[in-house]
There are 2 protein chains.
Amino acid sequence: MEDDSLLESFWAVTRRLRERTKITLEPWHVSPSQSRALGVLSRHGEVRLSVLAERLHIAPRSATEVVDDLQERGLVERKPDPTDRRATLVALTPGGVATAAAIHEARATEGERLFAGLDPADRTELARILNLLREAR
Amino acid sequence: MEDDSLLESFWAVTRRLRERTKITLEPWHVSPSQSRALGVLSRHGEVRLSVLAERLHIAPRSATEVVDDLQERGLVERKPDPTDRRATLVALTPGGVATAAAIHEARATEGERLFAGLDPADRTELARILNLLREAR
DNA sequence: CCTCATGGTGAGGTAACCTCAGCGTATCGT
DNA sequence: ACGATACGCTGAGGTTACCTCACCATGAGG
């Protein structure tokens, strides 16, 4: 009963978060999954496509697709890996760096008002509990 | 920075929740979206398709699809609404009632171990904070 | 009774995933 | 040195869970 409503609450909050994310990203015409990839790339720099996939928790084939789209928009580029000719390195272009930074900024101010609305103590609590859930087996 | 990891944590937990839900539902060959519909129907009984859509936060057209699938599996049935011949009522069949109950049971025991792993105080805290987030404008 | 609104659905589209097979490249055992 | 095996990426094609738009039948108001 209680768990039931917990799950429901979780689901409701997730939905709101998704809606907000979508709205925040609109100005850049970047989808949520693309923005996640930009985030990984700006945190890790140049990485192999397979590593990108791993960080995003998606199949390598799916990463190929995300990278295709970002490349078409000129936000990332593929380079050969000098140490392994099978592999491709993916890196942000200058435009990609700028976009990633702008999005990061926007999320911090606009998008996450949801969390910002909590008082600091509650935010800490929430973070603690989420990390418990994250690591529970 | 802190909000960033909050968002990330939230996302990670959501993913784990989705994985678990999928696994829990496997024995019944019911998809997550179908199970949500079964849940609504077992809580509300017979409802109009449009009401079902509203409860699920999806477009009426999408509800049509979910109901199609559930009907094919014999878990729900469509009946004419005696008060409005345009409308269709959707109701669980006896099999649907049984399946919905079984799934509810399974989620309470198996699926939500994630939350069950928290101690009761943390569960209460989490519920309180999630409800704040839910209602924040 | 004529107009306009409403409930459901066919047609067709999208995002974000997936698997499977294949091609080219690397690595390892003998 | 070389053949078998494993790995990195991508083409082809599929799935899930949504969406909008147009339409049809029915209902409700002036």
Side-chain angles (χ1 to χ4, degrees), chain A residues 11 14-19 21-26 28-40 46-73 76-91, chain B residues 11 14-19 21-26 28-40 46-73 76-91:
Chain A
W11 193 62
T14 300
R15 184 158 33 78
R16 297 203 58 180
L17 227 36
R18 264 202 305 263
E19 278 162 17
T21 298
K22 218 181 76 184
I23 293 167
T24 302
L25 293 176
E26 253 163 31
W28 293 279
H29 306 286
V30 160
S31 73
S33 92
Q34 287 165 12
S35 106
R36 262 169 280 157
L38 290 177
V40 169
E46 211 168 72
V47 288
R48 283 196 184 181
L49 201 141
S50 52
V51 171
L52 177 61
E54 208 179 322
R55 296 277 167 196
L56 295 171
H57 305 280
I58 62 180
R61 184 59 183 87
S62 305
T64 295
E65 235 151 290
V66 176
V67 170
D68 283 351
D69 292 345
L70 290 173
Q71 194 172 28
E72 217 167 295
R73 278 168 179 69
V76 307
E77 55 183 350
R78 283 179 164 92
K79 317 182 185 183
D81 181 335
T83 73
D84 186 338
R85 294 201 290 164
R86 292 169 303 180
T88 332
L89 295 176
V90 184
Chain B
W11 192 62
T14 300
R15 185 158 31 79
R16 298 203 56 180
L17 226 37
R18 265 202 304 266
E19 278 163 17
T21 298
K22 218 180 78 183
I23 293 168
T24 303
L25 292 175
E26 253 164 30
W28 292 279
H29 307 286
V30 160
S31 74
S33 92
Q34 288 165 10
S35 107
R36 262 170 278 157
L38 290 178
V40 169
E46 211 167 72
V47 287
R48 281 196 186 183
L49 201 140
S50 52
V51 172
L52 178 61
E54 207 179 322
R55 296 277 167 197
L56 294 172
H57 306 279
I58 62 179
R61 184 57 181 90
S62 305
T64 296
E65 234 151 291
V66 176
V67 170
D68 284 349
D69 292 346
L70 290 173
Q71 195 171 30
E72 217 166 294
R73 277 169 180 67
V76 307
E77 55 183 348
R78 283 177 164 92
K79 318 182 185 183
D81 181 336
T83 73
D84 186 339
R85 290 200 294 163
R86 292 169 303 180
T88 337
L89 295 175
V90 184

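Lettering follows sequence order; numbering is per chain, from 1.
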Going by salt bridge (Lys or Arg N to Asp or Glu O under 4.0 Å), name the residues that satisfy it together with A:Arg86, two or more places apart in sequence or in a different chain. A:Asp84
Can you give the donor-acceptor pairs under 3.5 Å from side chains of residues 57-67 of chain A to other protein atoms, not counting sequence neighbours?
from: A:His57; atom 1: NE2; to: B:Arg15; atom 2: NH2; distance (Å): 3.2
from: A:Arg61; atom 1: NH1; to: A:Glu65; atom 2: OE1; distance (Å): 3.3
from: A:Thr64; atom 1: OG1; to: A:Pro60; atom 2: O; distance (Å): 3.4

Footprint ends on DNA chain D, 5' to 3', for atoms under 4.0 angstrom from a heavy atom of chain A, come out as D:dA6 to D:dA12
Minimum side-chain heavy-atom gap B:Gln34-B:Trp28 below 4.5 Å: no
Between the protein and nucleotides 9-11 of chain C, are there any N/O to N/O pairs under 3.5 Å, and if so, what are the atom names and distances?
from: C:dT9; atom 1: OP1; to: B:Arg78; atom 2: NE; distance (Å): 3.1
from: C:dT9; atom 1: OP1; to: B:Arg78; atom 2: NH2; distance (Å): 3.4
from: C:dT9; atom 1: OP2; to: B:Thr64; atom 2: OG1; distance (Å): 2.9
from: C:dT9; atom 1: OP2; to: B:Arg78; atom 2: NH2; distance (Å): 3.4
from: C:dG10; atom 1: N7; to: B:Arg61; atom 2: NE; distance (Å): 2.7
from: C:dG10; atom 1: N7; to: B:Arg61; atom 2: NH2; distance (Å): 3.1
from: C:dG10; atom 1: O6; to: B:Arg61; atom 2: NE; distance (Å): 3.3
from: C:dA11; atom 1: N6; to: B:Arg61; atom 2: NE; distance (Å): 3.3

Axis-to-axis angle across the helix from C:dC1-D:dG30 to C:dT30-D:dA1, five pairs each end, nearest 10 degrees, ~ 10°
Could you go over nucleotides 1-4 of chain C and give all protein N or O partners under 3.5 Å, atom names and distances?
none

Under 3.5 Å, which protein N or O atoms sit close to an N or O of nucleotides 21-27 of chain C? Give each pair with its distance.
from: C:dA26; atom 1: OP1; to: A:Arg85; atom 2: N; distance (Å): 2.6

So what does B:Arg36 touch, heavy atoms closer than 4.0 Å: a base, only the sugar-phosphate, or nothing? sugar-phosphate
Any side-chain N or O of A:Ser33 less than 4.0 Å from the OP1 or OP2 oxygen of C:dA15? no
Run the salt bridge (Lys or Arg N to Asp or Glu O under 4.0 Å) test against B:Arg85 and tell me which residues pass, sequence neighbours left out. none
With a cut-off of 3.5 Å and sequence neighbours excluded, list every side-chain donor-acceptor pair involving residues 47-55 of chain B.
from: B:Arg48; atom 1: NE; to: B:Asp81; atom 2: OD2; distance (Å): 3.0
from: B:Arg48; atom 1: NH2; to: B:Asp81; atom 2: OD2; distance (Å): 3.3
from: B:Arg55; atom 1: NE; to: B:His44; atom 2: NE2; distance (Å): 3.2

Please name all residues satisfying salt bridge (Lys or Arg N to Asp or Glu O under 4.0 Å) with A:Arg78, sequence neighbours left out, ordered by chain then number. A:Asp68
Counterpart residues, salt bridge (Lys or Arg N to Asp or Glu O under 4.0 Å), relative to B:Glu46 (two or more places apart): B:Lys79
